[in-house]
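Reading through the structure tokens given below for one structure.
Bear in mind that the values here come from a model prediction, so they are computed numbers and not experimental data. The basis for the numbers below is simple: all heavy atoms, side chains too, and nothing from hydrogens, waters or symmetry mates. Counting convention: from 1, in listed order, for ligands and their atoms alike.
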Amino acid sequence: MKVSSMFSRNVIMMSVAALGAISLASCSPTQPPAANVDSATPVAKQETPTLKNLQAAYNGESNAHVMYLAFANKADEEGYKDIASLFKAVARAEEIHRDNHAKVIQAMGVTPKNNITTPDVKSTGDNLEKAMGGNLSQAIKGESYERDTMYPNFIKQAKAESNQAAVQTFDYALAAETQHAQLYTEIKNNLNDWKQASRQFYVCTVSGETFVNSPPTSCPQTKTGKDVEQVI
Ligand SMILES: [Fe+2]
Ligand SMILES: [Fe+2]
């Protein structure tokens with residue numbers, strides 16, 4: 001996705017937020033049950049640690065989305081068809097997290113801010129390492145870091161601030177990043193098994209949870225199968 005179109009989308013989303021109570025599900029192509037960011041979301045009168053964490057997560061997810069699309073192109077170029085499709089599915093998941101975080105920031109009366117950097121694309125094997133946190137100097141720290149450190153700490157802080165909407169958007173992201181880290185770990189050791197285009201990829205459009213081969217009958221975070229999208 002081009003950066004300009006991402007900003008356009010965010011402007012539209014800000015208008016929606018101004019109407020009051022909003023839903024994490026409102027931008028999904030399907031209409032899953034509401035995961036509400038409701039009017040109880042605390043409006044930030046000053047920068048709280050959770051607002052800072054939301055902005056950091058919004059920036060991280062924005063960059064992850066762009067990076068994984070670049071990794072998908074590289075995998076395609078190198079003949080790893082299923083890895084390219086997986087990167088596209090994960091890019092879609094990160095896009096969902098980006099938009100979820102943005103809605104919570106907007107509900108707090110603040111404008112989401114990101115800084116998109118040009119992804120450093122290497123070979124597919126090296127890109128997988130990076131995606132797992134192999135290069136922590138990158139702006140994007142990787143799935144393992146998000147799973148083990150970033151989101152657990154953000155959830156703890158959001159709970160301390162009684163910011164339920166922030167807890168929810170971080171919970172969704174944590175569930176999906178855990179799957180991403182696991183998938184990358186499996187693939188890294190079996191790169192050649194992922195050269196053919198033989199797998200299907202599915203994403204839950206509310207939580208970003210990501211599945212290979214079979215769509216879930218129920219997305220674990222939202223307890224519904226109605227918000228499942230196949231990523232082509
Ligand atoms: Fe994410
Ligand atoms: Fe991820």
Which atom, among the N/O/S set of Glu94, is closest to the Fe ion (ligand 1)?
-> OE1

Looking at His97, pick out the N, O or S atom nearest to the Fe ion (ligand 1) and give its name.
->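 Answer by atom name: ND1.
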
Heteroatom of Glu177 nearest to the Fe ion (ligand 2) (N, O or S, atom name) |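 Nearest to the Fe ion (ligand 2) within Glu177's N, O and S set: OE1.
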
For the Fe ion (ligand 2): the N/O/S atom of His180 at shortest distance =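 Relative to the Fe ion (ligand 2), the closest nitrogen, oxygen or sulfur of His180 carries the name ND1.
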
Please determine, by modelled atom types, if Thr205 and Glu229 share a side-chain donor-acceptor pair under 3.5 angstrom.
-> no

Would you call Asp82 and Lys195 a salt bridge, using N to O less than 4.0 angstrom?
->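 Salt bridge flag = no for Lys195 with Asp82.
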
For the residue pair Tyr202 and Thr210, establish whether any side-chain heavy-atom pair is separated by less than 4.5 Å.
->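 They are not in contact (no side-chain heavy atoms under 4.5 Å apart), so the answer is no.
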
So, the side chain of Asn63 versus the backbone of Asn115: is there a donor-acceptor pair under 3.5 Å, distance only?
->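 Yes; judged by distance alone, with no hydrogens or angles, the pair exists.
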
